[in-house]
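Notes follow once the structure below has been shown.
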Amino acid sequence: MTFLPPTAIPADLVEGLNPPQRAAVEYRGDALLIIAGAGSGKTRVLTHRIASLIATHEAWPSQILAITFTNKAAAEMRERVGQLLGEAVEGMWISTFHSACVRILRREAEKFGYTQGFTIYDSADSKALIKRIVKALEAESMGVTVSTAQNRISGLKNELIDPDGFARQVDSTNPRDQLILEIYRQYQRQLERNKAFDFDDLIAQTVWLFRAYPEIAALYQRRFRHILVDEYQDTNHAQYALIRELTRGSEPQHVPADTRIRLAADGSIPPASLTVVGDSDQSIYAFRGADIRNITEFEKDFPGAETILLEQNYRSTQHILDAANAVIGNNFDRRPKNLWTAAGEGAKIVGYTGYSAHDEAQFVADEIHKLHDQGTNFNDMAVFYRTNAQTRALEEILIRSAVPYRLIGGTKFYERAEVKDIVAYLMSIANPADELSVRRIINSPKRGIGPSTETAISLFAQDNDITFREAMGRARELGLGPKVTNAILDLEHVLVEAEQSIDPARNTGAVPVSDMLAKLVERVGYIEKLRATNNPQDDARAENVEELINVAKEFDKQHPDGTLVDFLTEVALVAAADELDDESGAVSLMTLHTAKGLEYDAVWITGVEEELLPHKMSADEPGGLAEERRLFYVGITRARKILHLSLALTRTQYGESSVAMPSRFLQEIPEALIAWRQSPGIATSRGGERPRALNATGYGSGYGNGGGFGGRRAVGSRSYGDMPQGAGLKSEFKPTRGNRTFDNQITGAMKDNADLVLETGDRVKHTDFGEGTVRAVTGMKAKRIAEVEFDEVGRKKLLIKVAPLEKL
DNA sequence: GTACCGGGAGTTTTT
DNA sequence: CTCCCGGTAC
């Protein structure tokens, strides 16, 4: 094999880059750290850097490993590199940590006693497994709950501590830790018996594989000569260790004979080059083990590393950046960084204080319509929140206001019981050793196989040292009734039949995944049985199952050679952000965490309140407040042109209303940057009063210490006389608009107004907004929208079908 | 083995 | 408030 001489980097790959960006593309050393502020064009730098390595013949595409945070980011990067290079992206690995590890583990599965079709358990699956163990050990009576056990185990795996390692360091006088250890042991044993990995295993087991088999590690060290990691600030210890293993280089005796790369003089593989991109200010995953030190100590870990700072922002206006800089500046012990832009000041940040979460949501809906009327597309707008629970009020109001929206994340499609059921069927087929999946489906749909029968099969399997599935095949030996016995045998038969119709490993001559799936669902009558009930929710469930079949069809189309195992891998590793579809024509709703890496023309950050953002759970965690601040910073820097910050004065939780205080983070934003549409200080009761900025005296000093602003406390659902006694807020805390009460109420049940006929000029009455005149009616049938000019509160768009509206 | 009822606990963020 | 679990009745 000859080595093509490196040529110069083509001009079009560095043109238009600013000096540090260009330096980052051109750098040719072993280790490069790119500190990339929000919106500083890091994806551009990464893609150009990859393209430059290939264009100069310094690397083949197959020698590149690029790690991104989500599958969507990976797809995007692949596409952009492709555009720069033409077709030459074949063989490049651009994927998430988890996908890359799955690929390696499946390839090497036989070498460590697993099967290539091993199952990936999501958190719910591992929770179910841990639950069984916790119950059997009666651990809850000792104060070890399922979730503490799960969190501890996950934390240990992220630190690469296996049960034996934990046993060595555990405090033997602490009965709880002893219990955790026992749970961890049993859990790991069961995973192994089921030939399954949980999420954390995917990374940790790969590291252990590399450490246990240097010659396997050498295969990958040889292959990947250039490793690039995005969002490096959110890597945990296991991921860090993986990168270390891959960039280590290897000893001559482990190097495969047919090596085509340039070896060192002693026959060893030289370390691969490593590029990491990150921003410690955007580290928001400490709770799941991300270690900010990975980035802060990069130069120590990789001596001789070059560091390049990208500070010019190409995304947001200066006002937005000023706010972001001011907020993040309150975090101490960070490397100072100052984002700037050439884009100009832009509009001020819009602030709004609602009386309730619904009031706040109404503000969001109104602003969305306003911007849409001015020409901003719905897809260019996004609404963020700290907790998923906040979506309820937002959704209710957005529906009523006829705002098209999409929820990103939340209760995900693949977490729904019926979808998990069907996926469990597929897992049972791909991996017959997976007892958890088989037990999930053994009585779903109902076929008369209850818990006692299940236990009988399990015991029989244990006694005869066979798998659960094999025990099912020998159901006649269990001495059960004929009906149950036949049900078991029939299910086993269905699974075997499906197994034979496909080849889980290779797709040659086999049926496409979707055909097998459709036949399977038909054969067990899953949809049919759902349709037979009177429960309308079951219809929705049936539709979800049909949707899953469609997903499989789409998969078959995109991957003609895709196998069942490939399909299951894809299903197991979808992330919330992967659901995004830029063409949807809808406003996106998501948590602040999900928002990382995305950008929108207009952004709303809702619930900017104490105990919500920063969240109260973070208060007693070390570094918790700083992480919350970073989360807020991430949210702010998503906005290109317009940023809205909103909060509510009361919020409902567990069906109980409580008073909310404005977030301390709001105070950190210079007063001049925010234009309060309705400030917290005065809830704008009387028209004409000049809104007082948040930082003005009498308010800002009012909380934090003293003034009775200590935090939330329960209040009666409508008693505004029962407000906290500080800072003159009480007297000003009065509803403004007509006689509306600003309870959390959303009057009555969903109304069905489908038959209401409205025309321009009609007078109507709305339960919240009072009386008004219809200005226009658009849309058809259930989507009919009335635009109403209300006497008190101005113009609103309403979805007629659901609006609490009456014709006068 | 299933269906229904009542009590109790829980919502921070996620690959 | 809502989901989930465990207990009881058929």
Side-chain angles (χ1 to χ4, degrees), chain A residues 67-74 95-102 120-124 126-128 131 135 140 145-147 150-151 154 157-158 197-204 231 234-236 238-239 283-290 384-393 408-412 414-415 417 442-443 445-455 480-481 483-484 487 533 535 569 572-579 590-596 607 611-621 624 627-628 630-632 634-635 651-657 717 744:
Chain A
I67 302 287
T68 58
F69 200 65
T70 63
N71 293 303
K72 182 167 183 271
S95 69
T96 62
F97 269 109
H98 290 84
S99 307
C101 288
V102 170
I120 301 165
Y121 286 165
D122 66 14
S123 350
S126 59
K127 191 173 185 179
K131 187 179 221 161
K135 272 224 178 97
E140 300 228 276
T145 65
V146 176
S147 71
Q150 191 176 22
N151 288 335
S154 169
K157 287 185 177 184
N158 286 334
F197 286 136
D198 64 19
F199 276 137
D200 302 314
D201 274 338
L202 296 177
I203 316 289
E231 309 284 9
D234 283 324
T235 50
N236 60 34
Q239 290 164 335
S283 164
I284 54 173
Y285 282 104
F287 72 91
R288 80 172 193 221
F384 304 152
Y385 35 83
R386 175 70 237 264
T387 67
N388 281 304
Q390 289 167 254
T391 55
R392 208 158 285 172
I408 314 297
T411 325
K412 279 169 260 158
Y414 292 105
E415 285 169 10
I442 197 166
N443 199 32
K446 302 240 172 351
R447 37 175 85 89
I449 307 174
S452 57
T453 309
E454 207 183 304
T455 316
L480 297 161
K483 225 172 127 193
V484 192
T533 68
N535 190 342
T569 304
L573 298 179
V574 282
D578 298 336
E579 302 163 24
M590 69 190 85
T591 64
L592 285 162
H593 282 88
T594 305
K596 192 176 70 157
E611 311 214 326
L612 199 52
L613 182 64
H615 196 275
K616 58 167 171 259
M617 291 305 215
S618 71
D620 36 51
E621 282 162 32
E627 177 142 323
E628 296 287 310
R630 290 194 291 269
L631 196 51
F632 187 45
V634 165
R651 206 164 277 279
T652 320
Q653 224 181 344
Y654 306 120
E656 193 185 31
S657 239
S717 58
N744 203 34

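Below, read A as the first sequence line, B as the second, and so on, with proteins coming before strands; counting in each chain starts at 1.
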Please report, rounded to the nearest Å, how far the [atom2] atom of [N] is from the [atom1] atom of [X].
X: A/Gln653; N: B/dT11; atom1: CD; atom2: P; result: 12 Å
X: A/Phe69; N: B/dT15; atom1: CZ; atom2: C1'; result: 7 Å
X: A/Arg386; N: B/dT14; atom1: CZ; atom2: C1'; result: 11 Å
X: A/Asn158; N: B/dT13; atom1: CG; atom2: P; result: 18 Å

Base, sugar-phosphate or nothing for [X]? Non-hydrogen atoms, less than 4.0 Å.
X: A/Tyr285; answer: sugar-phosphate
X: A/Asp200; answer: nothing
X: A/Glu621; answer: base
X: A/Lys483; answer: nothing
X: A/Ser452; answer: sugar-phosphate

Any salt bridge between A/Arg288 and A/Asp234, counting N to O under 4.0 Å?
no
Among the nucleotides B/dG10, B/dT15, B/dT12, which one has an atom lying closest to any side-chain atom of A/Tyr654?
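The answer is B/dG10.
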Closest to the A/His615 side chain, choosing from C/dT2, B/dT14, B/dT12:
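So the nucleotide nearest the side chain must be B/dT12.
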Can you find a side chain N or O atom of A/Thr594 that sits less than 4.0 Å from OP1 or OP2 on B/dT13?
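No, A/Thr594 has no side-chain N/O under 4.0 Å of OP1/OP2 on B/dT13.
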